[in-house]
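The structure appears below as structure tokens.
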Amino acid sequence: ERRVSVTEDKVRAEVEAQEELKSKREAAEALAAQREAVVQGLEGKVKELEEKVQTAEKDKAEKDGVIEELRTAVAQAQAEAKEGERRVSVTEDKVRAEVEAQEELKSKREAAEALAAQREAVVQGLEGKVKELEEKVQTAEKDKAEKDGVIEELRTAVAQAQAEAKE
């Protein structure tokens with residue numbers, strides 16, 4: 001009985017050890033399966049993240065290209081704006097010079113018109129004086145002719161008086 005009891009204890013201990021071993025094996029297998037699932041999940045996430053990184057890099061490259069194109073367009077627009085400003089400035093200078101030339105021409109025209117009017121006034125004044133002097137000359141000539149006539153009559157009268165006196 002004692003041997004049977006010892007054997008039973010050994011068998012029981014062996015069975016318990018086998019069950020514990022089986023339980024540990026199952027637990028280890030469950031942990032291994034769980035770990036495998038976690039690893040596969042992580043690998044899936046890594047793959048997904050790698051795809052996102054590639055997409056992001058592709059998007060970044062596209063955006064960098066767009067940004068570079070925009071920078072080029074901005075630089076070109078700035079250059080065109082500067083050229084436009086330069087052209088506007090040149091045009092403004094030309095317009096300003098033309099306006100100044102027109103104003104100067106207008107001023108000269110007005111001065112010439114004023115001089116012409118002044119000259120016309122002087123000419124009319126001189127013509128008036130000439131006419132006045134011509135009238136004075138005619139009057140003087142008329143007076144001289146009358147005086148010459150009177151002198152001639154006086155000479156004739158004197159000569160006649162002398163002749164009568166001699167007679």
Side-chain angles (χ1 to χ4, degrees), residues 1-140:
E1 280 179 22
R2 191 184 59 75
R3 281 188 200 156
V4 167
S5 177
V6 169
T7 302
E8 282 178 353
D9 289 344
K10 284 183 181 177
V11 168
R12 196 177 298 114
E14 183 64 28
V15 167
E16 285 175 3
Q18 287 295 323
E19 286 176 357
E20 191 177 325
L21 190 61
K22 182 180 176 186
S23 173
K24 285 182 180 178
R25 191 177 309 123
E26 287 173 353
E29 286 174 357
L31 281 173
Q34 192 176 14
R35 186 176 62 221
E36 184 62 27
V38 168
V39 167
Q40 286 179 356
L42 290 174
E43 286 176 348
K45 284 191 177 186
V46 166
K47 191 171 187 179
E48 185 181 317
L49 289 173
E50 285 176 345
E51 289 173 358
K52 284 184 179 180
V53 166
Q54 287 177 349
T55 303
E57 287 175 344
K58 184 178 176 184
D59 289 349
K60 182 185 178 298
E62 289 175 3
K63 287 177 184 173
D64 286 348
V66 169
I67 288 170
E68 190 56 38
E69 287 176 11
L70 289 174
R71 283 184 180 149
T72 303
V74 166
Q76 188 174 0
Q78 287 173 336
E80 289 173 1
K82 283 184 181 177
E83 178 63 19
E85 287 176 8
R86 188 190 66 75
R87 287 182 182 163
V88 165
S89 177
V90 167
T91 303
E92 285 176 347
D93 291 345
K94 286 181 180 178
V95 168
R96 192 176 299 111
E98 182 66 24
V99 166
E100 289 172 358
Q102 290 294 329
E103 288 174 352
E104 188 177 331
L105 191 61
K106 181 180 176 186
S107 174
K108 286 181 179 178
R109 189 178 307 119
E110 289 171 352
E113 289 171 357
L115 283 174
Q118 192 176 9
R119 185 176 58 223
E120 184 62 27
V122 167
V123 166
Q124 286 178 358
L126 290 175
E127 286 176 349
K129 284 188 178 186
V130 165
K131 194 171 187 179
E132 187 181 316
L133 289 173
E134 284 175 348
E135 288 174 359
K136 285 183 179 180
V137 165
Q138 285 176 355
T139 303

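Each residue takes its place number in the sequence, starting with 1.
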(message) Quick one: does any side-chain atom of T72 pair with a main-chain N or O of E68 as donor and acceptor, under 3.5 Å?
(response) yes

Give every donor-acceptor pair under 3.5 Å between a side-chain atom in residues 5-18 and any protein atom, sequence neighbours left out.
unit_1	atom_1	unit_2	atom_2	d
T7	OG1	R3	O	2.7
D9	OD1	R12	NH1	2.8
E14	OE2	Q18	NE2	3.1

(request) State whether E85 and K82 are salt-bridged, where the test is any N-O pair (Lys NZ or Arg NE/NH1/NH2 against Asp/Glu carboxylate O) under 4.0 Å. (result) no

(request) For E83 and R86, run salt bridge (charged side-chain N to carboxylate O under 4.0 Å, His left out): C-alpha distance rounded to whole Å, both residues' side-chain angles, the deciding distance at 0.1 Å, then the answer. (result) CA-CA 5 Å; E83 178 63 19; R86 188 190 66 75; 2.7 Å; yes

(request) Name all pairs fulfilling the salt bridge (Lys or Arg N to Asp or Glu O under 4.0 Å) condition that reach into residues 106-119, sequence neighbours left out, sorted by first residue then second. (result) E104-K108

In a table with atom names and distances, give each donor-acceptor pair under 3.5 Å that connects a side chain of residues 39-56 to protein atoms at least two apart or in another chain.
unit_1	atom_1	unit_2	atom_2	d
Q40	NE2	E36	OE2	3.2
T55	OG1	E51	O	2.9

